[in-house]
Each structure stands twice: as structure tokens, then as C-alpha cells.
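Comments concern the structure below.
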Amino acid sequence: MSSIEERAAKALDDPENWPAEPKEAVARQRLLADRVRTEPLDPDSVRYVAGLDVSYGVGDTELAAAAVVLDARTLEVVDTSLVADTPSFPYISGLFAFRELPPVLKAIQGLSVAPDVFVCDGFGLAHPRRFGIASHLGVLIDAPVIGSAKSVLYGRNSPPGEERGSWTPMVAGRSELVDDTETLAAEGAEVVGRVLRTRARTKPVYVSVGHRVDLAGSVDLILRLSPKYRIPEPIRHADRLCGQYRKEHKEQQGHETKN
DNA sequence: GCGACAG
DNA sequence: ATCTTGTCGC
């Protein structure tokens, strides 16, 4: 079987993956969406977890992508990768994988520790076409990916309890809010994710299956990865890594301009 | 037609 | 996402 780096390179090199027009991008999502697989994820068997994130500069001309691998047990950082790049697709809600995946794949190529699971800052199945960035990445590199977002895109839900670990289901296409698992199953409702309280009395995060994981295992792992703060540690690390890189780069440019 | 709209 | 300091609360 090929390595993750090889699969990332192959995905980047295929022009079919990177349409220029939104309409083509939607068609691409519809084509790839049925490749998504939900499989059991045992959080106890996970050793390395990679957090992924992208930060932007001014004027829509520059961005930085980071991949940070943590030991899932100790939450220690064991590997990092950082890449500077240029946006090649506009930000459009529902299509933002086409903007962020190219730099993210490049950052993944720079890793030397192979992650067992990836965590994306965004959605997987909790998406209008069931193909958010977490599912998209998972299908492109055929790896386990979990989506963990900071706000809602798709699906209805009631607010979870205020205590850490409390959650409610995110349900597609319903008019009334029902949280009971049996009732939802009996009605054949489509559960696309879970709203999870990772920290008491703090805004929850939105967890959904990306690829080759299941929802319960994903929520369990995300909770373990967030022992202190709202945002899971792998994403927090990736966030501050590409964020500070962009800041330094901006300052450096400012100084050069003055001379 | 109206409202919503990941980062 | 980004522009931005201090400040209220556990």
C-alpha cells in the first residue's frame, strides 16, 4: 500500500481534483461523495493524531497551512509541518475544501510521522452534499479523518447540556428538534454529526464523520483531545503554528519594505 | 422569495 | 479567516 505522502502527492497532481469554477466543484463533490465510508474507530487504538489548519494574510494573496502530529496519550507534539502558499480558489461556504485542501495536502507531505487519524477544522458528513473538507481529505488520501468545526453549517440541533462531555445530535432535514437516539432511529432520521461540549459553560464544537471513522468513536477521541480547552489540542497547535508564521512573515515584509 | 452560510 | 486591549468570570 502506498504511503500517505504519496497519496497526497497524487491527489495534488490530478487536475480533475481542482476545478476552477464553483459549478464544477459542486459536481466534483457529488461525484466523490459516495466514496465516503463510515467505519468503527477505537480511540484506544489511536497512537498519533494530526491536527490541520490554515491561516490567511491580507488581500487574499497569501496563506499558511500547518499539520501537527500529537501523541494521543500524552498530547505531546511529535511532528510538525508548515507550508506557505497562495489561494487558488475563493472562499465559498460549502466549497471551502477547494481553497484549503491544496495547502493542507502540501503540509501533510512534509510530515515524517504517519498519523493514525487526522482532525480537520471543519465538517465531514454534516454538509449539504455530505462532503465537507474532512470527508474530502479522507477520500483523497484514503485515511481516517474527523471533522471538528467551531460553528454550524448544516443540520438542526438543540443545545447540549452545560457540562463537559454533554452532546446532542445534528440531524438533516427535520422541522422539529428531537434528541432521543431511539426516536431518531425509529423515524429513520439522518444524523450527520454531534454538537459536543468540550468545556463546561463554553460554546460547543461540532463533530462529524470525515472518512473511515464512526461518530461515537470520533466524539470520544475529540473529547480526550480537549482536556482543558474548547478546541482539540491538535487543531489548537496547528492553528497557532500557521498563525504565528503568517504574523512573522508579515512583519518581515514590513521591515524589508522600509529599507 | 427568504434566510443561512465551515474557514 | 482577519482587523484588535482590556476585561469579566471560573
Side-chain angles (χ1 to χ4, degrees), chain A residues 22 25-26 29 33 36 51-67 83-107 118-138 145-157 162-164 170-175 177 192-211 218 222 227-232 234-251 253-254:
Chain A
V26 169
Q29 291 183 323
V36 175
L52 307 167
D53 199 21
V54 174
S55 73
Y56 298 89
V58 291
D60 210 42
T61 60
E62 47 189 52
L63 55 76
V83 166
D85 204 354
T86 301
S88 54
F89 197 90
Y91 172 74
I92 299 173
S93 177
L95 296 178
F96 100 102
F98 294 94
R99 178 178 177 81
E100 296 205 345
L101 239 29
V104 162
L105 286 166
K106 290 171 189 169
F118 291 86
V119 181
C120 271
D121 195 4
F123 293 102
L125 294 178
H127 176 279
R129 289 169 292 280
R130 312 299 186 273
F131 202 65
I133 189 168
S135 297
H136 204 145
L137 172 65
V145 184
I146 296 170
S148 176
K150 299 186 291 294
S151 64
V152 198
L153 168 65
Y154 178 80
R156 296 176 55 84
N157 67 269
E162 292 296 319
E163 69 278 18
R164 172 181 141 80
M170 298 170 68
V171 185
R174 284 191 65 94
S175 50
L177 294 68
V192 295
R194 282 184 192 174
V195 187
L196 174 68
R197 194 81 68 180
T198 51
R199 179 180 171 135
R201 295 171 296 283
T202 299
K203 189 182 193 295
V205 297
Y206 301 79
V207 181
S208 56
V209 168
H211 186 54
S218 296
I222 291 296
K228 189 173 168 62
Y229 301 107
R230 176 169 90 109
I231 303 302
I235 291 184
R236 285 189 72 236
H237 282 285
D239 182 47
R240 59 162 197 69
L241 181 58
C242 58
Q244 76 177 23
Y245 172 83
R246 207 202 66 257
K247 263 183 186 174
E248 287 166 9
H249 195 261
K250 189 188 294 178
E251 288 171 8
Q253 283 190 322

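In the text below, chain A, chain B and the rest are named by the order of the sequence lines, each starting its count at 1.
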Heavy atoms under 4.0 Å is the rule here; annotate nucleotides 1-10 of chain C 5' to 3' with B where the base is hit, S where only the sugar-phosphate is, and - elsewhere. SSS------S

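In this structure, A/R99 contributes its side chain and A/S88 its backbone to no donor-acceptor pair below 3.5 Å. Checked by atom type and distance alone, the side chain of A/H136 never pairs as donor or acceptor with a backbone atom of A/F131 at under 3.5 Å. No side-chain donor-acceptor contact under 3.5 Å links A/R156 to the backbone of A/G173.
Contact of the A/S208 side chain with the A/V192 side chain is not registered, since no non-hydrogen atoms from C-beta on lie closer than 4.5 Å. Put simply, the side chain of A/L196 reaches to within 4.5 Å of the side chain of A/I222, judged on heavy atoms. Side-chain contact between A/L137 and A/L105: present, with at least one pair of heavy atoms (C-beta onward) separated by less than 4.5 Å. No side-chain heavy atom of A/L63 sits under 4.5 Å from any side-chain heavy atom of A/E100.
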Output field dot_bracket for DNA chain B (Watson-Crick or G-U, both distances under 3.5 Å, | for other-strand pairs) contains .......

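Helical stems in DNA chain C, defined as runs of 3 or more consecutive Watson-Crick or G-U wobble pairs with donor-acceptor distances under 3.5 Å: none found.
With sequence neighbours excluded, the residues that form a side chain to side chain donor-acceptor pair (under 3.5 Å) with A/R130 are A/Y154, A/E190.
Atom-to-atom distance recorded for A/Y91:OH and A/D60:CG is 12.5 Å, nearest 0.5 angstrom.
Extent of DNA chain B lying under 4.0 Å from chain A heavy atoms, first and last nucleotide in 5' to 3' order, is B/dC5 to B/dG7.
Counting any heavy atom pair closer than 4.0 Å across all strands shown, A/L101 reaches no nucleic acid atom. Using a 4.0 Å heavy-atom cutoff across all strands shown, A/I92 reaches no nucleic acid atom at all.
Of all non-hydrogen atoms in A/A66 and A/A238, the two that sit nearest each other are CB-O, 3.5 Å.
In summary, of the residues considered (A/L101, A/L52, A/I235, A/V104), a side-chain contact (heavy atoms from CB on, under 4.5 Å) with A/C120 occurs for A/L52 alone.
Contact check on A/E163 versus A/R197 returns no salt bridge, with no Lys/Arg side-chain nitrogen under 4.0 Å from an Asp/Glu carboxylate oxygen.
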Would you list the atom pairs, donor with acceptor, under 3.5 Å between side chains in residues 146-153 of chain A and any protein atom, with sequence neighbours excluded?
unit_1, atom_1, unit_2, atom_2, d
A/K150, NZ, A/D121, OD1, 3.1
A/K150, NZ, A/D121, OD2, 2.8

